[in-house]
Every structure is written in structure tokens, then in C-alpha cells.
Amino acid sequence: MTGVISHHQVIGCLFAIVALIGSGLAVAEDSTPKKVETVARVNNERLLKSVEPLGPASFKNAHGDARTRGTLQKYYDSVLDWGRVLQHHFQSVPGHPDWGYYGDGDNKENSIRAVCYAVCTNAFLAEIEPPTARLKPAEQDRFRDEAVAALRYVAQAHRANGGACLHGKPWGKQWQSAMWARSLATGAWLLWDKLDRPTQLEVTRLVEFEADRFLTQPPRSQLRDNTGAEENAWNAGLISLACC
């Protein structure tokens with residue numbers, strides 16, 4: 001669970017973050033937005049082929065010494081506690097029994113952010129083994145099924161995919177939507193081989209959409225009240241994920 005990805009992915013993340021920091025320094029010196037050419041839309045097949053599944057093998061390790069195993073187990077157990085709370089609040093979308101959500105299913109922060117985090121939590125519990133197993137196969141399957149159902153609902157409702165939330169409005173291109181998309185996409189990456197092709201495509205399109213916003217949008221940079229550093233940090237998380 002300490003997470004092991006390839007050195008190419010790590011380098012990609014670092015380049016993305018360094019590029020964002022560099023852009024922020026440039027804005028501090030010259031606040032005039034620079035015109036950036038929009039990258040041409042990648043076709044569906046090429047986009048899907050660019051995604052290499054991030055399966056459980058990426059997280060396998062010897063779990064280190066007893067202290068490390070104990071720390072990892074406590075971390076896992078805290079996530080499991082949250083996942084079991086979520087199971088009491090899962091709802092199917094009327095007319096779409098293979099879609100699901102938590103809360104009110106709206107497109108605002110308190111709604112979408114929570115569902116995206118729930119997807120990531122459930123995917124983690126479904127796919128990642130702790131030092132000491134805690135789940136029976138049936139409960140693991142339930143975490144997986146709920147993660148996939150919520151993924152389908154939230155992915156189709158993003159602006160990139162033309163759908164809508166329960167209240168009739170899409171989400172995306174919002175103040176914090178890049179951070180929500182990062183959680184959703186991390187869960188999808190863990191479950192990649194369990195997702196049908198339409199859901200895979202919708203996830204990649206929403207990641208592409210949220211990352212492309214920052215091709216022409218300069219990083220936040222202020223001296224008073226709000227430096228913008230927090231926004232830059234969560235946006236960098238999505239950008240680095242897209243890069244990987």
C-alpha cells in the first residue's frame with residue numbers, strides 16, 4: 001500500500017508539477033495571460049490505448065518491518081471504517097440500476113466531491129490487500145460494484161460527456177472540480193480492467209477536459225488574502241495524474 005508505480009510515471013508527475021510551478025513564477029513577473037494553442041482532440045482509440053492499468057500489482061511490497069505493517073494496517077482500517085459507513089448511504093439512480101450515488105446527487109461541491117471520494121475509497125478497498133486481510137469476498141465485491149456504479153453516474157454527468165446530475169445540471173469546469181476529478185480518476189485507474197469501454201472513455205475524457213483547462217488558464221498568484229497556492233496544488237494533482 002505504500003504505492004509503487006513505474007519510474008516513467010514518477011518522472012511524468014514531477015515534470016507536470018515543475019511545469020506548473022514554473023508557470024506560476026512567470027505569472028508573478030508578468031500577469032498578462034499568454035495565448036496557448038489548444039491541443040487537438042485525441043481520437044477515442046488512441047486515448048484509451050494511452051492508459052496503462054494501475055492494478056494491485058503496482059502496490060505489492062513486503063510491507064517492511066513490524067512497525068511499518070502496523071502503520072499500514074491502521075491506515076487501511078481507517079479507510080475500511082469509512083467504506084462501511086458509505087454502504088449505508090448508497091442509492092441507485094432511478095431508471096439506471098447500474099448507476100449509483102451518495103447524498104443528493106447534485107452537481108455542487110458538497111455533492112460531487114463526496115461521490116468522487118467515495119469512488120476512490122471503494123476502489124481502494126476492493127482492489128488493495130492490507131498486511132492482514134479484513135474483508136470476505138462478498139464484501140469486497142460490494143465495494144467494487146458500488147465504486148463502478150458511482151463511477152458510471154458521475155462520469156456521464158461531467159461536461160465532457162454530455163450527461164447531467166439528478167437535478168439536471170452537469171458538473172465540471174468548477175472552482176475545485178479538478179480535485180474531484182483526480183479522486184474519481186484514481187478510483188477508476190484502480191478498477192480499470194473492471195470497467196466497460198464506455199465508462200473508460202468517459203473517465204479519460206473528463207480527465208482530458210479538466211487538464212486541458214490549464215493550457216490557457218494561468219496559475220493563481222496573489223500577494224494578499226489568497227495566494228492561490230492551495231488551488232495550484234490540487235490542480236497540479238489532476239495535471240500530474242493526466243500526465244501519468
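This is a predicted model, so every value here is computed, not measured.
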Lys/Arg-Asp/Glu bridge criterion (N-O < 4.0 Å) met for [X], [Y]:
X	Y	value
Glu208	Arg205	yes
Arg182	Glu210	no
Lys169	Asp106	no
Asp145	Arg142	no

May I ask you to test the [X]-[Y] pair for a side-chain heavy-atom distance under 4.5 Å?
X	Y	answer
Pro130	Tyr75	no
Asn226	Arg220	yes
Asp77	Arg134	yes
Gln87	Phe143	yes
Lys108	Gln174	no
Gln176	Glu231	no

[X] side-chain N/O to [Y] backbone N/O, donor-acceptor pair under 3.5 Å:
X	Y	result
His167	Asp104	yes
Gln200	Trp192	yes
Asn107	Pro170	yes

Hey, what's the ring geometry for Trp180 with Trp171, parallel, tilted or perpendicular (30° and 60° as the breaks)?
tilted
Looking at [atom1] of [X] and [atom2] of [Y], how far apart are the two atoms once the value is rounded to the nearest 0.5 Å?
X	Y	atom1	atom2	value
Arg213	Arg159	CZ	CZ	10.0 Å
Gln140	Ile128	CD	CD1	10.0 Å
Leu72	Arg67	CG	CZ	12.0 Å
Lys49	Thr204	NZ	OG1	14.0 Å
Asn232	Ser221	CG	OG	8.0 Å
Cys116	Glu109	SG	CD	11.0 Å

So if you build clusters from Ile, Leu, Val, Met, Phe, Trp, Tyr with side-chain heavy-atom gaps below 4.5 Å, do [X] and [Y] land together?
X	Y	value
Phe209	Val51	no
Leu206	Leu48	yes
Leu151	Phe124	yes

List in chain and number order the residues that pass side-chain contact (heavy atoms from CB on, under 4.5 Å) with Trp82, two or more places apart in sequence or in another chain; answer none if no residue qualifies.
Leu86, Tyr117, Thr121
Return the set of residues passing side-chain contact (heavy atoms from CB on, under 4.5 Å) with Glu202 (not counting sequence neighbours), or none when no residue passes.
Ala155, Gln156, Asn161
Is it true that Tyr153 and His96 have ring centroids separated by less than 6.0 Å?
no
Arg113 side chain to Ser177 side chain, donor-acceptor N/O pair below 3.5 angstrom:
no
So, Asp65 and Thr68: side-chain donor and acceptor under 3.5 Å apart, yes or no?
yes
Considering all heavy atoms, the nearest [X]-[Y] contact:
X	Y	value
Ser92	Pro97	OG-O, 4.1 Å
Ala185	Val207	CB-CG2, 3.5 Å
Pro53	Trp189	C-NE1, 3.8 Å
Ala150	Val115	CB-CG1, 4.0 Å
Ala242	Ala211	CB-CB, 3.8 Å
Ala123	Gly187	CB-O, 3.5 Å

Please walk me through it: do Arg224 and Gln222 pass side-chain hydrogen bond (donor to acceptor under 3.5 Å, both in side chains)?
CA-CA 6 Å; Arg224 296 184 178 86; Gln222 293 177 214; over 6 Å; no
Got a sec: does the CZ of Arg46 have more than 12 other heavy atoms crowding it under 6.0 Å?
no
Is there a side-chain contact (heavy atoms from CB on, under 4.5 Å) between Leu191 and Asn122? Walk through the geometry before answering.
CA-CA 10 Å; Leu191 293 164; Asn122 287 340; over 6 Å; no
Show your reasoning for whether side-chain hydrogen bond (donor to acceptor under 3.5 Å, both in side chains) applies to Glu230 and Trp234.
CA-CA 6 Å; Glu230 184 181 20; Trp234 69 54; over 6 Å; no
Test side-chain contact (heavy atoms from CB on, under 4.5 Å) applied to Leu125 and Val79, step by step:
CA-CA 8 Å; Leu125 293 170; Val79 179; 4.0 Å; yes
Candidate pair Glu146 and Tyr101, rule side-chain hydrogen bond (donor to acceptor under 3.5 Å, both in side chains), full reasoning
CA-CA 8 Å; Glu146 291 187 6; Tyr101 69 101; over 6 Å; no
